[in-house]
There are 2 protein chains.
Amino acid sequence: MSLPHAILTALLEKPSSGLELTRRFDRSIGYFWSATHQQIYRELGKLEQAGFIRALPSDQPARGQKKEFEVLPAGRAELTQWASGRHDPKPQRDALLLRLRAAAVVGCEGLDDELRRHLALHQRQLAEYTEIERRDFAAPASADDRLRRLVLRAGISLETFWVEWLAEALAEVAEVGAAEVAEVAEGADTGGPDAPGDASA
Amino acid sequence: MSLPHAILTALLEKPSSGLELTRRFDRSIGYFWSATHQQIYRELGKLEQAGFIRALPSDQPARGQKKEFEVLPAGRAELTQWASGRHDPKPQRDALLLRLRAAAVVGCEGLDDELRRHLALHQRQLAEYTEIERRDFAAPASADDRLRRLVLRAGISLETFWVEWLAEALAEVAEVGAAEVAEVAEGADTGGPDAPGDASA
DNA sequence: TCTCTCATGTAAGTCGTTACATGATTTC
DNA sequence: GAAATCATGTAACGACTTACATGAGAGA
């Protein structure tokens, strides 16, 4: 149940229409919570229904007309409670790590190209974050800014991790690929254990 | 569409029943692709329907009886294609970072307890990974093992990131909390910009 | 027999993704 | 006035979550 709270946070930072929210989810908020415009419109309807937000008065509340929302006290209360509550971290899902484990079984054909492609993507994202930090957080700032900078630093560290790990992975895959070729040449077939932490599986 | 491929990988590593798969998803595979037993049974049905896996011959194929599956050639081919294809990384979603950004708007009440709790959880996970590496990957090993160790190292690095970042976050929140108290005492109210990267929002 | 655990499933509902529909405003 | 763009939606489907149902075997 995080999307409604993401929207409440965004609307508290600045009252917006659905499409404006969508654009903000493509940038800052979307860096750690993505959403499409269909999700956003649906949630805006639910939040309005629940009395957490309301549409700002407008002359023509019709289809195709801009419709801005602001947060009501009940919405702020809901967000405050959610932010201060206890929620366990969700188990992560990462398809690339899964594919690497699959490659350990079916072979590494073409894997290095994909790793290089991901490396480039993460390098670009890291550069974007670094630029934002340089531009918006050069000087010591307000309490709000310090917290937002902290969030940005998480993004920078995560992208740095990926860049470093992908470089390591490329080196490893190159060596493994060479070893596989050698093994095939010898007709060798080492079974090997099941997997990390899978001692009894 | 990653879950069926996660199951194919697991079944190639070792033919298993639904519940055995569930247990393995609670440990090794679940470290980067979690799934419940309901998801797994449903996918097993689809994979069998599609001709990617088959149930091993059994005397009593009845409800409540164990039913083991193995991967068919078509299933291996499907997995090989998926593992070597191109798939962009999905935008990450992290509720804790979202809550921190919400806290920047509605206040940090109780946030430090939650950060400490998450820190403990990640420290435990990191210890578990480190133990697995020590136990299962002490010696240089086969190509398969090297790739699986690489995946495990990703887990270790990610947990290390969280532990370090949470420590930083705790320090920052403590300072921000103190500053907020001081601001309230003075009646100050600094507006501050919208958000990282949100220059025009 | 009663209960606990193993093992496989059903059902309902929410969340997320993809494709499409429709009205309003601006620009050539 | 035709086309592009802004803006708000609908519809359908698949993925995921939560709760519950059912049967088989093992032990008290």
Side-chain angles (χ1 to χ4, degrees), chain A residues 1-7 11 15-26 29-30 32-50 53-56 58-69 82 87-95 98 200-201, chain B residues 1-7 11 15-26 29-30 32-50 53-56 58-69 82 87-95 98 200-201:
Chain A
M1 292 280 290
S2 293
L3 179 57
H5 301 101
I7 291 176
L11 287 180
S16 305
S17 68
L19 195 59
E20 282 167 359
L21 278 175
T22 301
R23 298 223 176 87
R24 293 171 64 193
F25 271 81
D26 282 341
I29 295 178
F32 46 89
W33 203 274
S34 64
T36 63
H37 83 270
Q38 291 86 347
Q39 280 180 279
I40 289 168
Y41 282 118
R42 200 201 290 160
E43 282 303 328
L44 283 173
K46 287 186 192 172
L47 288 168
E48 193 177 21
Q49 203 72 27
I53 64 174
R54 67 162 189 181
L56 289 177
S58 160
D59 296 335
Q60 297 182 354
R63 187 178 185 128
Q65 291 293 99
K66 191 150 107 175
K67 193 172 158 194
E68 292 205 303
F69 292 92
W82 177 77
H87 308 280
D88 285 336
K90 279 209 177 175
Q92 288 299 309
R93 285 184 173 158
D94 188 282
L98 190 58
S200 64
Chain B
M1 291 279 288
S2 293
L3 179 56
H5 301 101
I7 291 176
L11 287 180
S16 304
S17 67
L19 195 59
E20 281 167 358
L21 279 176
T22 301
R23 297 224 177 86
R24 293 171 64 194
F25 271 80
D26 281 341
I29 295 177
F32 46 89
W33 203 275
S34 65
T36 64
H37 82 272
Q38 291 86 346
Q39 281 179 278
I40 288 168
Y41 282 117
R42 201 195 311 140
E43 281 304 328
L44 283 173
K46 287 186 193 172
L47 288 168
E48 192 177 20
Q49 202 73 26
I53 64 174
R54 67 162 190 181
L56 289 177
S58 160
D59 296 334
Q60 297 182 352
R63 186 177 184 128
Q65 291 295 99
K66 191 150 104 177
K67 193 172 158 193
E68 293 205 302
F69 292 92
W82 177 77
H87 308 281
D88 285 336
K90 279 209 177 174
Q92 288 300 307
R93 285 185 173 157
D94 189 281
L98 190 57
S200 63

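Below, all heavy atoms of this structure are taken into account, side chains as well, without hydrogens, waters or symmetry copies. A, B, ... follow the sequence lines: proteins, then strands. Residue 1 opens every chain.
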> Is B:Arg93 near enough to C:dC15 that one of its side-chain N or O atoms lies under 4.0 angstrom from OP1 or OP2?
no
> Within the distance-only criterion (no hydrogens, no angle test), does the side chain of B:Glu48 pair as donor or acceptor with the backbone N or O of B:Gly45 below 3.5 angstrom?
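Not at all, since once roles are kept as given, no pair shorter than 3.5 Å links the two residues.
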> Should the pair B:His87 and B:Trp82 be assigned to parallel (<30°), tilted (30 to 60°) or perpendicular (>60°) ring geometry?
tilted
> Among C:dA7, D:dT18, C:dG9, which nucleotide has an atom closest to any side-chain atom of B:Lys67?
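Nearest listed nucleotide: C:dG9.
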> Is the distance from OP1 or OP2 of C:dC15 to the nearest side-chain N or O of A:Lys46 less than 4.0 Å?
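For C:dC15, OP1/OP2 do have a side-chain N/O of A:Lys46 under 4.0 Å.
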> Relative to the 5' end of DNA chain C, which residue comes earlier, B:Gln38 or A:Gln38, by the nucleotide with the nearest heavy atom?
B:Gln38
> Check whether any side-chain nitrogen or oxygen of A:Tyr41 sits under 4.0 Å from OP1 or OP2 of D:dG9, and answer yes or no.
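So the side-chain polar atoms of A:Tyr41 never come under 4.0 Å of the phosphate oxygens OP1 or OP2 of D:dG9.
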> Might you point out which heavy atoms bring A:Ile7 and A:Leu44 nearest each other, and give the distance in Å?
CG2-CD2, 4.0 Å
> So, under a plain 3.5 Å distance rule, would you say the side chain of A:Arg42 forms a donor-acceptor pair with the base of C:dG16?
yes
> Between D:dT8 and A:Ser17, is there an OP1 or OP2 to side-chain N/O distance shorter than 4.0 Å?
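Yes, such a contact exists.
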> Which residue, A:His37 or A:Glu43, contacts DNA chain C at a nucleotide closer to its 5' end, judged by nearest heavy atom?
A:Glu43
> May I ask you to decide if A:Gly30's main-chain N or O and A:Ser34's side chain share a donor-acceptor pair within less than 3.5 Å?
no
> So, OP1 or OP2 of D:dC16: does either fall under 4.0 Å of a side-chain N or O from B:Gln39?
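For B:Gln39, the contact criterion (side-chain N or O under 4.0 Å from OP1 or OP2 of D:dC16) is met.
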